[in-house]
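The structure appears right after this line, and notes come after that.
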Amino acid sequence: MKKSISFAVTICAIVALGSADRLQAATPDKAISVSSGVEYEYIETYSTAKLNAILSSELDDFMSSSTEPKAFHGAFPPAAHAVKLYRVKYHSVVPELGNRPTIASGLVAIPDMGADASKAMPMVSYQHGTVFDKSYVPSNPDGSAETQIMIARFASDGYIVIGADYFGRGISDLPDSYLSRDSTRQANYDMLLAARAVLASMKIEPTHLFLSGWSQGGWATMIYLHKLQELGEKVTAAAVASAPVDITLTMNRWLNNYQPIDAVYLPAVVALQLQSQEYYHQQTGLTAEAIRPEYLDSARAFYNNKMNWETFSAKTPSKLQDFINPAFRASVALGGSPYWQVLEEDEAYRWTRAMPLHTYYGAKDEVTPHFIAMLPAETQALLGGAPTQAIDAGDSADHRGVFVFGVIEQKNWFDTFLKK
């Protein structure tokens, strides 16, 4: 049986549909240096026609494999402004590897509001979800449907939108840093600094700073919020959709308590996580210990960008329990191993936040159990921090449905802070 695909990973075929309505892509300008190690280049401008297509026909394509494919048809207002897109290259460091220098990439999307428009705008930093290809990232917006939706809803209505590709994605020559806490935080923070340098060169002033993320990006948003609070950076508000904020519980649930709802791509997700942890935390032999021998070569080829998702899917089982060695599953269930200890350090919600937060969950989410997505609200109420609200996207909401629901709700919510 052919495996269905319905997840945070952006599929190129989805975003390619409707491309005839796109503005003719301009040849990227020569890179402009704005500060030490920060460069940017123009990608193209999304017209209002293109943005409206993203929120209509292309949204329908994005939701076509969802449990509620037409739930958001007509739910978005028309785009108010065209949006200029810029690819940013910046220097960073890899904390887990002794602050080894590296180069990373990301996106800055700026509303095109005309020469007489105000140069002060709110800004939202979007942390993207799981991707199975280096190019399905914010700095290549045509390859990232989720980024396009954020651009079409936020940037078209007056928000600057920025997003890091993460280490191992975009132009990075590193292995994928999937669910590696310190590298994820570093990539996002240095992207924020780079974006500010780019905007300053354009004499554009970001006013409010909002954060948003989906799936892996929801977790990334939460650990990033923690870092920003430690650094004294003011964040107006944040919103996360289907965020696996407790990686320990999430991985244990996936590995040891199979449910019929579970996504068929979980073996791919876990293959990335294991090999990322082996590389960034120098846990030699972790992947071979965890993955059944007959699937090990495919897992390694997939992680090293030598095998695409479709081929990996054809060569491996869709049920995670058939992909992982039973002894490794048992060790995860008991806890205490070095693998488990790293997962414990990756939790993203057991701290007292200073900024309000909305979290979104759905009853049919095939990736993030709704209990996990609700943990930030329950924990924050216990700790007495800033207001946190867990919002139900509905009984029929799956992973993609939670994301789109969240984009709609959080935009309306973020707007209320601009009036204060």
Between [Y] and [X], is there a side-chain heavy-atom distance shorter than 4.5 Å?
| X | Y | result |
| --- | --- | --- |
| Trp219 | Ile247 | yes |
| Phe167 | Thr184 | no |
| Met150 | Thr147 | no |
| Val93 | Arg100 | no |
| Leu199 | Pro206 | yes |
| Lys364 | Asp395 | no |
| Tyr258 | Leu320 | no |

Without swapping roles, check the side chain of [X] against the backbone of [Y] for a donor-acceptor pair under 3.5 Å.
| X | Y | answer |
| --- | --- | --- |
| Asn256 | Arg329 | yes |
| Arg353 | Pro376 | yes |
| Ser313 | Glu310 | no |
| Arg400 | Ser66 | no |
| Gln321 | Leu255 | yes |

Side chains of [X] and [Y]: donor-acceptor distance under 3.5 Å anywhere?
| X | Y | value |
| --- | --- | --- |
| Gln283 | Glu278 | no |
| Thr130 | Tyr178 | yes |
| Asp190 | Gln186 | yes |
| Tyr339 | Glu344 | no |
| Tyr166 | Gln216 | no |
| His81 | Thr48 | no |
| Gln275 | Thr287 | no |
| Ser57 | Asp60 | no |
| Gln277 | Gln273 | yes |
| Tyr224 | Gln127 | no |
| Ser212 | Gln410 | yes |
| Glu146 | His128 | no |
| Ser177 | Ser276 | no |

Taking all atoms of both residues into account, what is the closest heavy-atom pair of [X] and [Y], and its distance?
| X | Y | answer |
| --- | --- | --- |
| Pro175 | Tyr303 | CB-OH, 3.2 Å |
| Trp254 | Val270 | CE3-CG2, 4.0 Å |
| Thr368 | Ala243 | CG2-O, 3.6 Å |
| Asp112 | Lys84 | OD2-CE, 3.6 Å |
| Glu345 | Arg181 | O-NH1, 2.9 Å |
| Ala79 | Asn52 | N-OD1, 2.7 Å |

Before giving the answer on side-chain contact (heavy atoms from CB on, under 4.5 Å), spell out for Ile291 and Leu274 the whole-Å C-alpha distance, their side-chain angles and the decisive distance to 0.1 Å. CA-CA 9 Å; Ile291 296 175; Leu274 287 165; 3.9 Å; yes
Centroid-centroid under 6.0 Å between Phe132 and Phe302 rings: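 Yes: the rings meet the under 6.0 Å criterion.
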Quick check on [X]: does its [atom1] atom have over 12 non-hydrogen neighbours (other residues, nucleotides or ligands) under 6.0 Å away?
| X | atom1 | result |
| --- | --- | --- |
| Lys411 | NZ | yes |
| His370 | NE2 | no |
| Asn412 | CG | yes |

Could you go through the ring-ring contact (aromatic ring centres under 6.0 Å, His included) check for Trp413 and Phe417 one step at a time? CA-CA 7 Å; Trp413 181 50; Phe417 292 94; 5.3 Å; yes
Residues Tyr40, Val108; criterion side-chain contact (heavy atoms from CB on, under 4.5 Å); working and verdict: CA-CA 9 Å; Tyr40 74 94; Val108 173; over 6 Å; no
Could you measure the distance from the [atom1] atom of [X] to the [atom2] atom of [Y]? Nearest 0.5 Å is fine.
| X | Y | atom1 | atom2 | value |
| --- | --- | --- | --- | --- |
| Leu179 | Leu343 | CG | CG | 9.0 Å |
| Thr359 | Gln389 | OG1 | CD | 8.5 Å |
| Leu272 | Phe312 | CG | CZ | 8.0 Å |
| Met355 | Leu228 | CE | CG | 7.0 Å |

Could you tell me whether Lys315 sits above the aromatic face of Tyr295, with NZ or CZ closer than 6.0 angstrom to the six-membered ring centre and within 45 degrees of the axis?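 Pair Lys315/Tyr295 does not count as cation-pi.
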Both conditions, 6.0 Å and 45 degrees, for the charged tip of Lys50 above the ring of Tyr46: are they met here? yes
Before giving the answer on side-chain contact (heavy atoms from CB on, under 4.5 Å), spell out for Met63 and Val404 the whole-Å C-alpha distance, their side-chain angles and the decisive distance to 0.1 Å. CA-CA 9 Å; Met63 292 296 295; Val404 179; 3.8 Å; yes
Stepwise salt bridge (Lys or Arg N to Asp or Glu O under 4.0 Å) check, Lys319 with Asp322: CA-CA 6 Å; Lys319 188 175 179 180; Asp322 297 334; 5.3 Å; no
Member of Ser135, Ser139, Ser172 meeting the side-chain hydrogen bond (donor to acceptor under 3.5 Å, both in side chains) criterion with Asp165: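 Per the side-chain hydrogen bond (donor to acceptor under 3.5 Å, both in side chains) rule, the option paired with Asp165 is Ser139, out of Ser135, Ser139, Ser172.
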Ile149/Glu58 under side-chain contact (heavy atoms from CB on, under 4.5 Å): CA gap, chis, key distance, verdict: CA-CA 9 Å; Ile149 291 169; Glu58 294 183 28; over 6 Å; no
In this structure, which one of Asp262, Leu266, Ile261 forms a side chain to side chain contact (heavy atoms under 4.5 Å, CB included) with Glu366? Ile261
Using 30° and 60° as the class boundaries, would you call the ring planes of Phe403 and Trp214 parallel, tilted or perpendicular?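 Ring orientation, 0 to 90° scale: parallel.
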Using 30° and 60° as the class boundaries, would you call the ring planes of Phe210 and Tyr159 parallel, tilted or perpendicular?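 Tilted, since the angle between the ring planes falls between 30° and 60°.
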